[in-house]
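Encoded as structure tokens, the structure appears first; notes follow it.
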2 protein chains.
Amino acid sequence: MAKIDDVARLAKVSKGTVSNVFSQKRPTSKEVTERVMSVSRKLNYVPNHIARSLVTKKTMAIGLTIPHGSFFFNAFHTQFINAVILEASYYGYRVLLDMIPLQKVKTPFLSSYPIDGAVVMSPTTDDERIDLMHLGQIPFVTVGKVMNANIDHAASVDNDNMKIITSICNYLIDKGHRNLMFLNANELMTVSIVRTAGFIQAMHDHQIEVEPHMIHHKPAILSNEYMDYGYAETIRVLGKLKKQVTAIIADDDRTAFSVLNAIKDLGLRVPEDISLFVICGDLSMMVQSNPSLSSMDLQPSELGIQSVRLLMHKLDVLKGDFPENKIIDSKIIERDSCSTI
Amino acid sequence: MAKIDDVARLAKVSKGTVSNVFSQKRPTSKEVTERVMSVSRKLNYVPNHIARSLVTKKTMAIGLTIPHGSFFFNAFHTQFINAVILEASYYGYRVLLDMIPLQKVKTPFLSSYPIDGAVVMSPTTDDERIDLMHLGQIPFVTVGKVMNANIDHAASVDNDNMKIITSICNYLIDKGHRNLMFLNANELMTVSIVRTAGFIQAMHDHQIEVEPHMIHHKPAILSNEYMDYGYAETIRVLGKLKKQVTAIIADDDRTAFSVLNAIKDLGLRVPEDISLFVICGDLSMMVQSNPSLSSMDLQPSELGIQSVRLLMHKLDVLKGDFPENKIIDSKIIERDSCSTI
DNA sequence: TTGTACGCGTTATCAT
DNA sequence: ATGATAACGCGTACAA
């Protein structure tokens, strides 16, 4: 592989000039530029990214840490990730997928991270990924609320989860439902903590007692119960325990489909017997389902875009003011899975 | 950020020794190791990844190029990507998500790629990503058949797509279907070319004439028709053109759901009036659907794992023989969406 | 424009 | 067998 000196020699210019031709940091005369480019093409030369990074101290890559221990995306993650990649590429940045917790097992953090900043998805309480970023002085943005003991504030982009869950509860309660079942995300995720609090709050506001069968948390992704959690809980609560639940709130589309199946197996119908609401579901899936499922549009793409923009501000790629904690709008999309009783 | 000299000075050893403590390339005495690590912890020192890469000429990252211009994954991609990340991390490698075609617009290839190798997903005919890899001398593995004019063979992992489509056709034909409709992937993808050929072959083998309404290709991802392609084609062919199609083969789960909807809107039922077969669908989605959908299990995780292993062989991280072109098994999973007529 | 001193580790060589 | 020394990798940036 040709290097800068080879080009400099053949083009009869200095290294610095070749560097300038490529980086455009200083003007170069037309003729020289031509000559250098011509030689570069001949030698198939491109500047070495690593050598460049060593001096500029920029890798032009951002990390994207995916959920703790998760090797499973749902539609929300997918759309989010796509938006991040696209938006980052717009500023010339590449995206490095990270799974710090998993890697720590094999490769105990034996070198610095080759990234300029990071987007941390779905933080958990005392998220070690965040501690690591903090320690490594890597600028980062979280998507979701940070709940780490030693970190009092961090840049973040998020939905208003308190408002989300309370408005869903109000929506269902207004339709006459008083016995709700909430299939929440995994209990370690900060979002689930906020939503549980919101759920309890909403129940409280309507003088409805919160019973144990009303709130459930998704099992850890590594467990066997993960895949059919929605199915299992629905069968258990409505079937075995015979609780008179009339509406179920499912955390994501996968859980919702699983619940739908359980309801069918119990000989019940949606929405006639049971109403079903999905918090974060893929739009096209919600529509294709039968019946179509009412859901909350969390705008995952917008979350992705804004988190990258916020990070770019922290990296000084973008100038000007930008809120450190941005809230992305969400709204209820009514479809056919919730009925009035 | 502390550097190696700082540690060396405080630990009263030389740079080289500190380097050896971290890289383990040469043994170091117990005491010295302790002293160096202690000082490193105190200074919060970790070797600079970039500087290390500059000399070792390894970035410990592999690229993963996602489908041409695609900012939309389906379940197949998701599972594949997850497997790649996990398997790569097993060898200490990180994964850099790539979208060369899109980036080329903004950042015309002005530096070398900071990756040691790459996995190229879903190649197209004359895929420029592959040409670029070839040119840049970057070891790569494709997932799918390569059809580039100037490249006669490349390392790859793939399903046997010819066998896949012919066995699906035979399966349906055995059930009495003779008027099939095949909703294929985008026509640029090499996989769609192989499958179209296979489809025609299978029809030919059963003396069934291939009519124009039988084969369709998914529109480009950027087009408006992308999202409801399955719906639109089904309505058009079965509704408007009144073709007596009795079985539909859908390329992926999204298309399948979309088709399912169209069938419902046409007042028809699956599988009583129309049979539906999905080529690559997320297992849990196929099961949750009503009726559950018969599909082909392509083993996306296995494809991901094996493509990384093949790449690791090319990078000499793994030693020993490994087939340059590995075929991953696939098999029909019968569910409730296909009936005999 | 050119010359040259960096940046920050690694590794080959030499010394103990 | 370990430790120390110095050259090296490949660009960038700044003074001349």
Side-chain angles (χ1 to χ4, degrees), chain A residues 1-37 39-40 43-61 92 107 109-116 136-137, chain B residues 1-37 39-40 43-61 92 107 109-116 136-137:
Chain A
M1 193 100 285
K3 33 197 181 187
I4 201 169
D5 299 276
D6 301 328
V7 177
R9 187 158 18 84
L10 281 178
K12 298 191 209 305
V13 292
S14 72
K15 291 168 69 166
T17 304
V18 177
S19 176
N20 285 328
V21 168
F22 277 93
S23 70
Q24 310 267 28
K25 297 232 170 146
R26 289 183 168 292
T28 43
S29 75
K30 194 104 182 161
E31 306 122 283
V32 170
T33 305
E34 285 293 310
R35 211 161 66 235
V36 168
M37 289 312 282
V39 172
S40 299
L43 299 183
N44 195 17
Y45 168 80
V46 278
N48 180 314
H49 186 271
I50 307 296
R52 174 180 280 176
S53 289
L54 185 59
V55 42
T56 60
K57 297 192 179 304
K58 290 196 185 316
T59 62
M60 297 312 282
T107 334
F109 218 49
L110 42 51
S111 86
S112 65
Y113 254 53
I115 53 177
D116 298 336
Q137 317 255 32
Chain B
M1 194 100 283
K3 32 197 179 186
I4 200 169
D5 300 274
D6 301 328
V7 176
R9 187 158 18 84
L10 280 179
K12 298 190 208 305
V13 292
S14 71
K15 289 169 70 167
T17 305
V18 177
S19 176
N20 285 328
V21 168
F22 277 93
S23 69
Q24 310 267 29
K25 299 236 168 144
R26 288 185 166 292
T28 44
S29 74
K30 193 103 182 162
E31 304 122 282
V32 170
T33 305
E34 285 292 310
R35 211 159 67 234
V36 169
M37 288 313 283
V39 171
S40 299
L43 299 183
N44 196 18
Y45 168 80
V46 279
N48 181 314
H49 186 270
I50 307 296
R52 174 179 279 178
S53 289
L54 185 60
V55 42
T56 61
K57 295 190 179 307
K58 289 196 186 317
T59 63
M60 298 310 282
T107 334
F109 220 49
L110 42 52
S111 84
S112 64
Y113 254 53
I115 52 177
D116 298 336
Q137 317 253 33

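The chains referred to below are lettered A, B, ... by the order of the sequence lines, with proteins before strands, and numbering in each begins at 1.
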Side-chain (A/S53) to main-chain (A/K58) donor-acceptor, under 3.5 angstrom: yes
Select from B/L54 and B/R26 the residue whose nearest nucleotide in DNA chain C is closer to the 5' end of that strand. B/L54
Separation of D/dC10 atom C1' from A/D6 atom CG, nearest Å, is 11 Å
Looking at C/dT2, I'd like to know if its phosphate oxygens (OP1 or OP2) sit under 4.0 Å from a side-chain N or O belonging to A/T17. yes
CG of A/N48 versus P of C/dC8: gap in Å, rounded? 17 Å
Between NZ of A/K15 and P of C/dA5 the distance, given in whole Å, is 11 Å
Assess, by modelled atom type and distance only, whether the side chains of B/T59 and B/D116 contain a donor and an acceptor separated by less than 3.5 Å. yes
If you look at every strand shown and take non-hydrogen atoms under 4.0 Å, does B/V18 touch a base, only sugar-phosphate, or nothing? nothing
To the nearest angstrom, the NZ-P distance between A/K25 and D/dG11 comes to 14 Å
B/D6/B/K3 under salt bridge (charged side-chain N to carboxylate O under 4.0 Å, His left out): CA gap, chis, key distance, verdict: CA-CA 5 Å; B/D6 301 328; B/K3 32 197 179 186; 5.9 Å; no
Could you state the NE2-C1' distance from B/H49 to C/dT10, rounded to the nearest angstrom? 14 Å
Base, sugar-phosphate or nothing for A/T28? Non-hydrogen atoms, less than 4.0 Å. sugar-phosphate
Which nucleotide in C/dT10, D/dT12, D/dA4 has an atom nearest any side-chain atom of A/R52: D/dT12
If we ignore hydrogens and angles and just use 3.5 Å, is the side chain of B/T17 paired with the main-chain N or O of B/V13 as donor and acceptor? no
Starting at atom CD1 of B/I50, determine the distance to atom C1' of C/dT10, rounded to an integer number of angstrom. 15 Å
Using a cut-off of 4.0 Å on non-hydrogen atoms, how would the nucleic acid contact of B/S29 be classed: base, sugar-phosphate, or nothing? sugar-phosphate
To the nearest angstrom, how far is B/N20 atom CG from C/dG9 atom P? 14 Å
Report the distance from atom NZ of B/K57 to atom C1' of D/dG11, rounded to the nearest whole Å. 12 Å
